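Position 1 is the first residue of the sequence; numbering continues from there. Note that the structure is a prediction, hence the values are computed from the model and not measured.
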Amino acid sequence: MDQPIDFRSDTVTKPSPAMRRAMAEAEVGDDVMGEDPTVRKLEERACELLGKPAAVFVPTGTMGNQAAIKAHTNPGEEIICDERSHIVLYEMGMAAAFSGCMTRTIASPDGLLSWATIEPRMRPASDHYRGVTLIEVENTHNAAGGRIYPLETLAEISVKAHQRGAKVHMDGARLFNAAAAMDESPATIVESVDSVSFCLSKGLGAPVGSVVVGEEDFVEKARLVRKGLGGGMRQSGVIAAAGLVALEETPPMLPCDHENARYIAASLANMDKLSVENPVPETNILFFRTEGELSEEELLERLRRRGVLALMSGGRIRIVTHRDVSRQQCEAAVDAVAEALREG
């Protein structure tokens with residue numbers, strides 16, 4: 001049986017031959033003891049690419065975000081973020097459960113915060129509440145269809161937040177997609193924020209891992225939090241080696257993923273019975289709904305029978321393009337959607 005065409009996420013990618021060779025040949029040591037040379041190389045490379053002084057390798061993006069929140073905040077303090085941000089929807093309420101922080105969410109139609117929407121929520125500590133000490137932005141914004149923050153918006157948020165004594169953390173799970181779409185360096189995009197977490201296992205295609213970057217004292221705190229969450233790994237150079245390859249090998253491929261997403265979105269937008277939420281995707285994520293009697297769940301099942309996989313997210317069907325899906329497969333998937341819509 002042929003392998004399905006899998007658009008469920010860019011996390012489904014398999015490591016490339018170069019990644020597998022690097023993993024097999026990786027020089028390793030005990031990372032908890034600070035002795036894994038490949039992990040150190042990965043962290044140093046992340047610092048170079050993002051223009052920050054320190055970095056720590058973590059198993060997952062969720063751990064990266066939660067380590068950053070814990071390192072930036074104290075219990076009872078408040079975090080401002082978009083209501084559909086990953087830390088709210090998909091991270092098990094850990095900002096509250098682990099860091100003891102409140103999330104004060106803002107409804108943003110495009111998923112992107114601005115200082116105009118943040119400022120009314122800013123409040124200093126008083127005898128009634130601990131106050132806002134962290135602003136969290138997501139770039140690209142998953143639930144909003146891979147939307148990208150304008151650089152001037154990030155700069156204004158950071159300047160104004162710092163004036164109020166708050167830090168800014170970027171969930172940059174797909175930061176390199178944003179960089180490719182904007183034709184900017186990752187360092188330029190994150191220049192104004194205090195910390196960033198980015199995934200090696202999404203658009204970059206490595207099998208596992210994320211990196212958290214920021215100032216040295218922040219990263220040392222985040223490293224301790226990583227240990228407390230069970231993320232202290234031993235000979236983890238085996239997986240860090242794939243991340244090093246991904247940082248060099250994959251960014252030039254990302255524009256192709258974005259082109260494929262635009263091709264699929266434009267094709268679906270021309271079909272009856274479908275409504276595409278973002279008909280011109282900025283990066284590699286698109287959402288669409290069915291119209292009429294056919295439900296999204298039924299369409300997904302019809303596609304599954306035709307060898308095309310996608311998933312539901314927020315009542316919509318989500319498609320994510322990635323390095324393991326070719327243009328030919330995207331064309332086949334579009335044909336499968338058209339055929340599934342014609343099914344009685």
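Side-chain contact between Val12 and Asp324 is absent, with no heavy-atom pair separated by less than 4.5 Å. A 4.5 Å side-chain heavy-atom check between Arg262 and Val280 finds at least one atom pair inside the cut-off. A heavy-atom distance below 4.5 Å is found between the side chains of Ser275 and Glu291. Counting heavy atoms from C-beta outward, Arg318 and Leu286 have side chains that stay 4.5 Å or more apart. Side chains of Phe176 and Thr283 form no contact here, defined as non-hydrogen atoms less than 4.5 Å apart. In this structure, the side chains of Thr140 and Leu175 stay at 4.5 Å or more apart for every pair of heavy atoms. Here the side chains of Val213 and Val219 are not in contact, with every heavy-atom distance at 4.5 Å or above. Looking only at side-chain heavy atoms (C-beta outward), Phe287 and Val276 stay at 4.5 Å or farther from each other.
A continuous path of ILVMFWY side-chain contacts below 4.5 Å connects Val337 to Tyr263, so both sit in one hydrophobic cluster. The hydrophobic cluster containing Ile189 does not contain Val212, counting ILVMFWY residues as joined when their side-chain heavy atoms lie under 4.5 angstrom apart, directly or transitively. Placement of Phe98 and Ile87 in two distinct hydrophobic clusters is found when ILVMFWY residues are connected by side-chain heavy-atom separations under 4.5 Å, directly or transitively. Hydrophobic clustering places Phe57 together with Leu50 (ILVMFWY residues linked when any side-chain heavy atoms are closer than 4.5 Å, directly or through intermediates).
Scanning both residues, Pro281 and Ala265, for their nearest heavy atoms gives CD-CB, 3.6 Å. The nearest pair of heavy atoms linking Gly64 to Ser197 is C-CB, 4.2 Å. Taking every heavy atom of both residues into account, Ala46 and Ala55 meet most closely at CB-CB, 4.3 Å. The two residues Pro150 and Leu112 make their nearest non-hydrogen contact at CD-CD1, 4.2 Å. When all heavy atoms of Ala187 and Gly51 are compared, the closest pair comes out as CB-N, 4.0 Å. In plain terms, the two heavy atoms of Ala222 and Ala67 that are nearest each other are O-CB, 4.0 Å.
Between the side chains of Asn284 and His322, not a single donor N or O lies within less than 3.5 Å of an accepting N or O. Donor-acceptor pairing under 3.5 Å is recorded for the side chains of His258 and Asn177.
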Original post:
Under the side chain to side chain contact (heavy atoms under 4.5 Å, CB included) criterion, do Leu42 and Thr38 qualify, and how do the steps go?
Top reply: CA-CA 6 Å; Leu42 174 62; Thr38 307; 5.9 Å; no
Subject >> Chi angles and distances behind the side chain to side chain contact (heavy atoms under 4.5 Å, CB included) call for Leu200, Leu247 >> reply: CA-CA 8 Å; Leu200 299 161; Leu247 285 173; 4.1 Å; yes
Subject >> Verdict with reasoning, Asp31 to Arg40, per salt bridge (charged side-chain N to carboxylate O under 4.0 Å, His left out) >> reply: CA-CA 9 Å; Asp31 183 47; Arg40 298 286 84 77; 2.8 Å; yes
Original post:
Should Ser210 and Phe198 be marked as a side chain to side chain contact (heavy atoms under 4.5 Å, CB included) after you check the CA-CA gap, both sets of side-chain angles, and the distance that decides it?
Top reply: CA-CA 6 Å; Ser210 289; Phe198 71 90; over 6 Å; no
**OP:** Step by step, work out the side chain to side chain contact (heavy atoms under 4.5 Å, CB included) result for Val325 and Asn260.
**Re:** CA-CA 9 Å; Val325 176; Asn260 285 340; 5.6 Å; no
**OP:** Apply side-chain hydrogen bond (donor to acceptor under 3.5 Å, both in side chains) to the pair Asn65 and His169, showing each step before the final yes or no.
**Re:** CA-CA 8 Å; Asn65 283 333; His169 171 68; 3.0 Å; yes
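A salt bridge does not link Asp10 to Lys202: none of the charged side-chain nitrogens sits closer than 4.0 Å to a carboxylate oxygen. Using a 4.0 Å cut-off between charged nitrogen and carboxylate oxygen, Lys167 and Glu136 do not count as a salt-bridge pair. Remark: Arg20 does not engage Glu25 in a salt bridge, criterion side-chain N to carboxylate O under 4.0 Å. With respect to Glu44 and Lys41, no salt bridge is recorded, no charged nitrogen being found less than 4.0 Å from a carboxylate O.
Within the structure, every pair that satisfies the side chain to side chain donor-acceptor pair (under 3.5 Å) test and touches residues 143-152, not counting sequence neighbours, is listed here: Arg147-Glu282. The side chain to side chain donor-acceptor pair (under 3.5 Å) pairs that include a residue from residues 66-76 are Gln66-Glu91, His72-Ser195, Asn74-Glu77, where partners are two or more places apart or lie in different chains. Within the structure, the salt bridge (charged side-chain N to carboxylate O under 4.0 Å, His left out) test picks out the following pairs touching residues 156-166 (sequence neighbours left out): Glu119-Arg164.
The side chain to side chain donor-acceptor pair (under 3.5 Å) test applied to Thr250 returns Arg323, not counting sequence neighbours. Checked against salt bridge (Lys or Arg N to Asp or Glu O under 4.0 Å), Glu277 has the following partners two or more places apart in sequence or in another chain: Arg316. Scanning for side chain to side chain contact (heavy atoms under 4.5 Å, CB included) contacts around Lys273 gives Leu341, with sequence neighbours left out. In this view, Glu184 satisfies the salt bridge (Lys or Arg N to Asp or Glu O under 4.0 Å) rule with no residue, not counting sequence neighbours. Residues passing the side chain to side chain donor-acceptor pair (under 3.5 Å) test with Glu215: none are found, sequence neighbours excluded. Applying the salt bridge (Lys or Arg N to Asp or Glu O under 4.0 Å) criterion to Asp257, with sequence neighbours excluded, gives no partner residue. In this view, Glu339 and Arg306 satisfy the salt bridge (Lys or Arg N to Asp or Glu O under 4.0 Å) rule, not counting sequence neighbours.
At least one donor-acceptor pair closer than 3.5 Å links the side chain of Thr117 to the backbone N or O of Ser114. Put simply, the side chain of Asp36 gets close to the backbone of Val39: a donor and an acceptor are under 3.5 Å apart. Of the possible donor and acceptor atoms, none in the side chain of Glu296 sits under 3.5 Å from a partner among the backbone N and O of Leu300. Panel note: side chain Arg289, backbone Gly315; a donor-acceptor pair is recorded below 3.5 Å. With Arg130 contributing its side chain and Pro75 its backbone, the two residues share a donor-acceptor pair below 3.5 Å.
Paired with Arg302 under the rule side chain to side chain contact (heavy atoms under 4.5 Å, CB included), one option of Arg342, Glu343, Glu297 passes, and it is Glu343.
Members clustered with Val32: none, using a 4.5 Å side-chain heavy-atom cutoff among hydrophobic residues.
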With a cut-off of 3.5 Å and sequence neighbours excluded, list every side-chain donor-acceptor pair involving residues 78-85.
| from | atom 1 | to | atom 2 | distance (Å) |
| --- | --- | --- | --- | --- |
| Glu78 | OE1 | Arg123 | NE | 3.2 |
| Glu78 | OE2 | Arg123 | NE | 3.3 |
| Glu78 | OE2 | Arg123 | NH2 | 2.6 |
| Asp82 | OD1 | Ser108 | N | 3.4 |
| Asp82 | OD1 | Ser108 | OG | 3.2 |
| Asp82 | OD2 | Arg84 | N | 2.9 |
| Asp82 | OD2 | His141 | NE2 | 2.9 |
| Arg84 | NH1 | Ala143 | O | 3.3 |
| Arg84 | NH2 | Pro109 | O | 3.1 |
| Ser85 | OG | Asp82 | O | 2.9 |

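Atom-to-atom distance recorded for Arg8:CZ and Ile319:CD1 is 13.0 Å, nearest 0.5 angstrom.
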